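Here the structure is laid out as structure tokens; the discussion comes afterwards.
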Amino acid sequence: MQAIRGTKDIISPEIYTWQYIEHIISILTNQFGYSEIRTPIFESIDVFKRTIGENTDVVGKEMYTFPDKGGDILTLRPEATASVVRAAVQHNITAQQQLSRVWYNGPFFRYERPQKGRQRQFHQFGAELLCAASVEADIEIISLAYTFLQKLGISNSVLSINTLATPQVRSIYRSVLLDYFQSNINTLSEDSQKRLVLNPLRILDSKNLDDKLIAANAPKLLDYLDDESTIHFDKVCEYLTRLNIPFIQQSTLVRGLDYYSHTVFEFTSNALGSQDALGGGGRYNDLFEQFGGKNTPSIGFAFGIERLIIAMNAHGFSPDTINPDYYIIGFESNDARSKAIQTAHMIRNTTNYIVITDVQNRSLKAQMKDADKHNAQFAIIIGPEEADKSECIVKNLKEGTQQNFPLDTFLSSLK
RNA sequence: GCGAGUGUAGCUCAGUGGUAGAGCAGCGGUUUGUGGUUCCGCUGGCCGUGGGUUCAAUUCCCAUCAUUCGCCCCA
């Protein structure tokens, strides 16, 4: 038996990197005043289907969808934003234009071919700023995401931003683009010919060389923006400059989910290989209405934890190891071993020190070696002689010095 | 869904048509109650799984599963 394809067990020592990231998330979200939200792992398929977009790959071929015993069609969440909005509408979180700041961290599921930085069960940390249409909201979200990467020591990632404007502008642009690509259809790659039908904007993003040449001369969305979109986007760029957050305007940046409008952004890293996005996000001003809510402009982002770890490792990150304060050694006689276990029990009950003991009845030498391997500060040694006198040897393993103490004296010195 | 590579001890990897090695790790010892350095020894592998070719396969062929890297897509 083994873990199924595209899933994995996270064990020591990698788990310490995960815990480190979770620790940073906790600090960061507190700094920005965001509170955690935990939505169900599975939802009705309808939560994702129309909101993400029926023509997207995520919905079209990547969702884990199944009927439950009652016949309801359920889907393992492939992303979080739709769930968060569903929850916000259900609980009237943003009723009366109430702003809300939330974050999440957890597993998501997409049925895809695994490769570097891509699994079927993966994990995302994300944040959503609900009910805020202002440029400042965009900036807060991008600043949060940027600060997160800084705190993790991922210094060389690149922030790309773009605007997808309003749905109205986008549909005009879409038809212009369609005409343009239609006239070049024979030189387009096979994939892009399909994209022409499903989502022509996506051709702009193609990795195919021929497509890139054609896309380079394609009409630019920027030339079709209305005033509202232009002003918003320009202000976002100005603000980023003022905050000293480096970015590049990338007119080819198209995000894969249908609900985005206006600001979209992505953080990439060259440490990741082909799946080069650490995370991304954007504004979704019309999503609430799809869940029967009022118009509630919002913006958010998500990072892939697995990809962050790849980037952190590329930067040489290694998590701090937690070393024991005391390694309690009892050896040879039952009395000595018993006193050692009692001592460990006492220390753990009355203090927060980290205490390791041997549970294999090993020799003094073996336990000393083990204490060293654990990188313990002190070895507390109790042999038959010490046990008889209710004493212990306190040995400083860093300095190699040691001294005998009555057990009581040693224990009371810890408080 | 498509393409290519890989699958041998806990880990990283050698290797050969006649049932296997190294380094690291682990355990033990170096004169018997003390770790981190040497030195010595030991444990440990149905050589991914199932078929086929062969007197014989871990080594060749096929399939399958897993994994890696691409395509696609995204976190």
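Throughout, protein chains are lettered first and strands after them, A, B, ... in sequence-line order, and every chain is numbered starting at 1. In this text the structure is predicted, and so the values were computed from the model without any measurement.
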Would you indicate which nucleotide in [options] comes nearest to any side-chain atom of [X]?
X	options	result
A/K61	B/C27, B/C72, B/G3	B/C72
A/R118	B/C72, B/U34, B/G70	B/C72
A/E112	B/G1, B/G33, B/C73	B/C73
A/A277	B/A75, B/G36, B/U34	B/A75
A/E332	B/G35, B/C72, B/G33	B/G33
A/D276	B/C74, B/G33, B/G26	B/C74
A/R113	B/C71, B/G35, B/C27	B/C71

NZ/NE/NH1/NH2 to OD/OE distance under 4.0 Å, [X] and [Y]:
X	Y	answer
A/K339	A/D335	yes
A/E43	A/R77	no
A/D370	A/K373	yes
A/R120	A/E62	no
A/E332	A/R337	no

Output the rounded distance in Å from [atom1] ([X]) to [atom2] ([N]).
X	N	atom1	atom2	value
A/K369	B/C27	NZ	P	7 Å
A/E399	B/G35	CD	P	18 Å
A/F267	B/C74	CZ	P	18 Å
A/F125	B/C74	CZ	P	22 Å
A/K8	B/U68	NZ	C1'	13 Å
A/I356	B/G35	CD1	C1'	16 Å
A/M368	B/U34	CE	P	9 Å
A/K194	B/C72	NZ	C1'	9 Å

Report which part of the nucleic acid [X] touches: base, sugar-phosphate, or nothing (heavy-atom distance under 4.0 Å, all strands).
X	result
A/Q367	nothing
A/G400	base
A/K207	base
A/D372	base
A/E385	base
A/A376	nothing
A/L278	sugar-phosphate

For a quick test of reading the model: is some side-chain N or O of [X] closer than 4.0 Å to OP1 or OP2 of [N]?
X	N	value
A/R5	B/U67	yes
A/K116	B/G70	no
A/R195	B/C73	yes
A/R202	B/C74	yes
A/K365	B/G35	yes
A/R307	B/C74	no
A/Q115	B/G70	yes

Base partner of [N], which must satisfy Watson-Crick or wobble distances under 3.5 Å:
N	answer
B/C72	none
B/U67	B/G5
B/A20	none
B/A57	none

Requested in this report: Would you check if the distance from the ring center of A/F303 to the ring center of A/F148 is below 6.0 Å?
Outcome: yes
Item to complete: Measure from the ring center of A/F410 to the ring center of A/Y326 and say whether it is less than 6.0 Å.
Response: yes
Given the [atom1] atoms of [N] and [M], what is the spacing between them in whole Å?
N	M	atom1	value
B/U16	B/A75	P	47 Å
B/G18	B/U58	C1'	12 Å
B/C61	B/C73	C1'	36 Å
B/C62	B/G26	C1'	40 Å
B/U59	B/G21	C1'	15 Å

query: Going by ring centres under 5.5 Å and near-parallel planes (under 30°), is A/F331 stacked on B/G33?
result: no
Inset, instruction - Measure from NZ or CZ of A/R362 to the centre of the six-membered ring of A/F331, then state whether that distance is under 6.0 Å and the direction lies within 45° of the axis. - result: no
Result for 5'-nearest mapping on RNA chain B, choosing between A/E266 and A/S206, is A/S206
Between A/I4 and A/D205, whichever has its closest RNA chain B nucleotide further toward 5' is A/I4
